[in-house]
Student: 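Please read through the structure below; I'll follow up with questions.
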2 protein chains.
Amino acid sequence: MMQLDNTDLKLISLVQKDAKQTTKQLALQLELSNTAVYERVRKLEREGVITGYTALLDREKLGKSFVAFCHVRLARHTADNVKEFERAVVRLTEVAECYHVSGDYDYMLKIFVADMPAYRQFMVEKLTGLPHIGNTHSVFMIGGIKE
Amino acid sequence: MMQLDNTDLKLISLVQKDAKQTTKQLALQLELSNTAVYERVRKLEREGVITGYTALLDREKLGKSFVAFCHVRLARHTADNVKEFERAVVRLTEVAECYHVSGDYDYMLKIFVADMPAYRQFMVEKLTGLPHIGNTHSVFMIGGIKE
DNA sequence: GCTGAAAGTAAGTTTCG
DNA sequence: CGAAACTTACTTTCAGC
């Protein structure tokens with residue numbers, strides 16, 4: 001693991017808040033020179049601490065404000081089943097996140113769709129059509145407290 | 001809701017993949033002029049479709065590769081309890097996300113810490129100290145399939 | 001809503017202390 | 001690590017369609 005000093009951590013928190021800040025702006029807030037900040041950012045990118053930059057979207061404005069957490073249990077846990085399921089699930093555009101988890105279910109999926117009818121349609125037409133699905137359990141998001 | 005044409009959607013998907021692309025690069029991929037792309041991006045920002053830009057981090061390189069989903073039930077659901085709990089939970093730095101959800105539990109939290117001992121410490125010293133906590137149930141991430 | 005050109009700025013490199 | 005000068009590239013505005 002790479003050595004990160006306090007300035008690195010502060011820098012990371014700044015670019016997390018707003019990745020579009022110029023080196024100059026960052027330098028001011030860190031009380032460092034332009035060059036120093038520039039090289040730190042490059043180092044963090046090079047070492048893979050910062051893996052990329054992305055735009056944050058308002059799901060409501062995109063008509064995808066309905067969020068569900070879907071727990072999935074596979075029918076049988078052969079290596080092939082697992083691989084096939086995982087390959088298929090990442091291709092579903094409604095699946096924003098997918099984690100292999102401990103507990104009663106094997107996977108937890110975070111699903112973005114427009115509304116409940118769209119969720120039902122997703123379940124019936126897409127999710128339950130995935131290979132080796134055993135059963136599922138859905139929990140719906142009522143509100144986001146921290147995201 | 002704002003009207004988004006196909007070009008907007010394509011543009012959104014491009015800046016989601018890499019927010020640091022220059023207008024020129026985006027213009028090439030969209031087969032539009034520099035200015036046209038520039039104005040579309042500004043429009044999406046102004047209308048609040050794009051709410052910001054952030055850096056993506058490698059949690060492992062940050063020493064926070066242990067992920068848990070913690071379900072929380074409150075002791076009693078008075079309006080004050082809910083407000084107090086929500087105010088307190090967002091302040092915990094280990095809590096990356098917090099959702100109010102349907103089902104057996106009231107909230108689902110996504111927790112980032114270094115390892116299992118750190119998780120135990122978080123539970124004992126921080127989470128169970130929050131106001132109005134009823135009980136909790138933790139599910140651990142074994143692996144990330146899509147994030 | 002688009003294009004193309006011009007003016008303004010920042011990024012990125014280099015050299016030096 | 002920081003300052004300064006410099007080249008290159010991008011951003012932003014504007015007139016015009």
Side-chain angles (χ1 to χ4, degrees), chain A residues 1-65 93 112-115 118 147, chain B residues 1-65 93 114 147:
Chain A
M1 192 180 111
M2 180 194 174
Q3 204 63 346
L4 297 171
D5 64 15
N6 244 335
T7 308
D8 285 323
L9 294 176
K10 230 164 154 183
L11 177 53
I12 286 168
S13 125
L14 288 174
V15 293
Q16 253 195 317
K17 276 199 209 90
D18 178 8
K20 284 275 168 106
Q21 288 178 94
T22 64
T23 313
K24 212 182 217 171
Q25 286 175 303
L26 295 169
L28 270 172
Q29 290 167 90
L30 293 170
E31 298 181 318
L32 274 179
S33 78
N34 209 324
T35 327
V37 173
Y38 174 70
E39 272 162 9
R40 275 173 189 268
V41 172
R42 293 296 299 265
K43 185 190 65 182
L44 292 170
E45 291 172 349
R46 195 162 15 86
E47 307 270 349
V49 179
I50 295 175
T51 57
Y53 300 93
T54 190
L56 298 171
L57 305 175
D58 183 330
R59 281 192 311 281
E60 255 173 77
K61 303 234 163 133
L62 288 168
K64 292 287 162 79
S65 54
T93 53
F112 290 152
V113 288
D115 47 28
E147 326 191 35
Chain B
M1 192 180 114
M2 182 194 172
Q3 205 62 345
L4 297 170
D5 65 16
N6 245 333
T7 308
D8 286 322
L9 294 175
K10 228 164 153 185
L11 176 54
I12 286 168
S13 128
L14 288 173
V15 295
Q16 250 195 320
K17 276 200 207 90
D18 178 8
K20 283 276 169 104
Q21 288 177 94
T22 64
T23 313
K24 211 184 215 171
Q25 287 175 302
L26 295 170
L28 271 172
Q29 291 167 90
L30 294 171
E31 299 181 318
L32 274 179
S33 78
N34 206 326
T35 321
V37 173
Y38 174 71
E39 274 165 4
R40 274 173 189 270
V41 173
R42 292 297 300 265
K43 186 191 65 183
L44 291 170
E45 291 171 350
R46 193 162 17 85
E47 307 270 348
V49 179
I50 294 175
T51 56
Y53 300 92
T54 188
L56 298 171
L57 304 175
D58 183 331
R59 282 193 311 280
E60 257 173 75
K61 304 235 161 132
L62 288 168
K64 292 284 162 81
S65 53
T93 54
E147 324 192 35

Student: Rounded to the nearest Å, what distance is computed from the CG atom of residue B:Leu26 to the P atom of nucleotide D:dC10?
Tutor: 11 Å
Student: Between A:Lys24 (NZ) and D:dG2 (P), how many Å, whole number?
Tutor: 16 Å
Student: Checking all strands, does B:Asn34 fall into the base, sugar-phosphate, or nothing category for heavy-atom contacts under 4.0 angstrom?
Tutor: base
Student: Contact between A:Leu57 and B:Ile50 at the side-chain level, heavy atoms closer than 4.5 Å - yes or no?
Tutor: yes
Student: Have a look at B:Lys43 and say if it touches a base, only the backbone sugar-phosphate, or nothing, with a 4.0 Å heavy-atom cut-off.
Tutor: sugar-phosphate
Student: Can a side chain N or O of A:Tyr38 be found less than 4.0 Å away from OP1 or OP2 on D:dG2?
Tutor: no
Student: Identify whether the distance between the nearest side-chain nitrogen and carboxylate oxygen of B:Arg59 and B:Glu147 falls below 4.0 Å.
Tutor: yes
Student: Does any donor-acceptor pair link the side chain of B:Thr35 with the base of C:dG4 at a separation under 3.5 Å?
Tutor: yes
Student: What is the separation between atom NZ on A:Lys20 and atom P on C:dT9, rounded to the nearest whole Å?
Tutor: 19 Å
Student: Does a side-chain heavy-atom distance below 4.5 Å link A:Thr23 with A:Leu26?
Tutor: no
Student: So A:Leu62 and B:Ile12, do their side chains get closer than 4.5 Å, heavy atoms only?
Tutor: yes
Student: Tell me: CD of A:Gln25 to P of C:dT9, nearest whole Å?
Tutor: 14 Å
Student: Taking 4.0 Å as the cut-off, does a side-chain nitrogen or oxygen of B:Ser33 come that near to OP1 or OP2 on C:dC2?
Tutor: no
Student: Any side-chain N or O of A:Arg40 less than 4.0 Å from the OP1 or OP2 oxygen of D:dG2?
Tutor: no
